[in-house]
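Report on the structure given below.
These values consider heavy atoms only, across backbone and side chains, with no hydrogens, waters or symmetry-generated copies. Protein chains get the first letters and strands the later ones, always in sequence-line order, with residue 1 at the start of each.
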Amino acid sequence: MNELINEIKLQIIDALNLEGMTPEEIETDAPLFGEGLGLDSIDVLELIVLLEKNYGIKLTSPQEGKKVFASVRTLAEYVKENRTK
Amino acid sequence: MGAYHHKDWRGKTGGTALMQRSLVLLLRFIPLPVMYFVMGLVIPFYMIFDRRAFVSSFAFYKKRIGRGPVKSFFSVYRNEFALGQVVLDRFAMYAGKNFRIVSDDMDTFAELTAMPEGFLQLFAHVGNPEMAGYALKSPKTIYTLVYAGETEQMMKGRSSIFSKRNVVMVPVREDMSHIFTMNEALANGNIACMPADRLFGSQKSLRVRFFGQDVSLPAGPFTLAAARNARAYALFVMKDSMRTYHVYHKWLPDISKSDLSRNGKLELMATSFAGLLEEMVRKYPYQWFNFYDFWNEAV
């Protein structure tokens, strides 16, 4: 699981262009939106596309998205359970 | 989550729901030229009392178009008159009136919609882009982002016509459901239609040169195109005469096969859009409808 968490953190840094940031600086349980990493709606889009391209997961429900994108840990758990590649 | 639209623009059509309903009723019986005439009499009051709109419009003609103070003053009148016309035209459509839509490249649009891939249709607050929704018949569904604060009358009027035209309105909401919808629209080979001149939803922006000075365009539309490797074109629907609108389709550079970095792709598309928009505004200077401090000059 830790390996997947680190992999996702690296992908987030790359997809969202968080230049100069390291995986260690992203807290695994901190909220991705608002006070945590401070992501917004455009970043949601990048994360949706990231899930689709890298893990074959199509996320279509905003309600589900809210739960999945709560933190890096919830995102990793969702990927672990639903990935097709 | 922050402001959901720019602090200086309201993003909705003026008037209460009752006023808008009354206008649709009036337009069923009163000829459009009469309505234009009455509207023309009211505009001086708007110029006096809506100071922000006057100041931004005056600055636009003086600084950007390069006109003298007197000519700029009368240009503001023509600008507000043109806005009144396109708003009245929209309600006239809801009231069942028809307009002539011309385009030099309607065949191109037909070819595009026959392709399996989805693409983006980007518009700006110039002319009357809503008219395209009534004119462009597409086998693909067009998902159009709309401001969620519009009145019921506006949404009802649009829905009644758009539903016959394969157009789905997608309100921008704080739960970000519009992001999911637009992404899916492209993934399923449909058309994602959205404004690319004003910041709403995300406040992330791209700086581009526009009329000789840097402005911020919303990053969202260009990010969506880059993330999905989708093609995008600028759509302008400009009023040519009382009953005629002219539709322009202008392609943005194809970034799908480009070696540019992600930021490079965004910059290329945004710069291209700004260039096309400037070209269109110079051609139709009275149909520029961003009545706020677009250049952030605190005029």
What option among Ser261(B), Ala227(B), Ala187(B), Pro218(B) has the most heavy-atom pairs under 4.5 Å with chain A? Ala227(B)
For a side chain to side chain donor-acceptor pair (under 3.5 Å) check, start with the C-alpha distance between Thr271(B) and Arg209(B), then their side-chain angles and the critical distance, and finish with the verdict. CA-CA 7 Å; Thr271(B) 304; Arg209(B) 205 78 178 156; over 6 Å; no
Could you check whether the rings of Trp295(B) and Phe210(B) sit parallel, tilted or perpendicular, using 30° and 60° as the cut-offs? parallel
Salt bridge flag under 4.0 Å for residues Glu46(A) and Arg262(B): yes
Proximal component of Leu59(A), with respect to chain B [non-hydrogen, under 4.5 Å]: both
Does a salt bridge link Lys204(B) with Asp43(A), judged by any charged N lying under 4.0 Å from a carboxylate O? yes
Sub-3.5 Å donor-acceptor pair from the side chain of Asn128(B) to the main-chain atoms of Val86(B), do we have one? yes
Can you list the residues of residues 6-16 of chain A that sit under 4.5 Å from chain B, counting heavy atoms only? Ala15(A)
Please check if the distance between the ring centroids of Phe294(B) and Phe211(B) is under 6.0 Å. no
Within the 4.5 Å heavy-atom criterion, are Thr74(A) and Phe69(A) side-chain neighbours or not? no
Distance check, rounded to the nearest 0.5 Å: Arg198(B) atom CZ versus Asn290(B) atom CG? 4.5 Å
Okay, Lys53(A) and chain B: the region with an atom under 4.5 Å from a heavy atom over there is side chain
Applying a strict 4.5 Å limit to non-hydrogen atoms, the region of Ile48(A) in contact with chain B is side chain
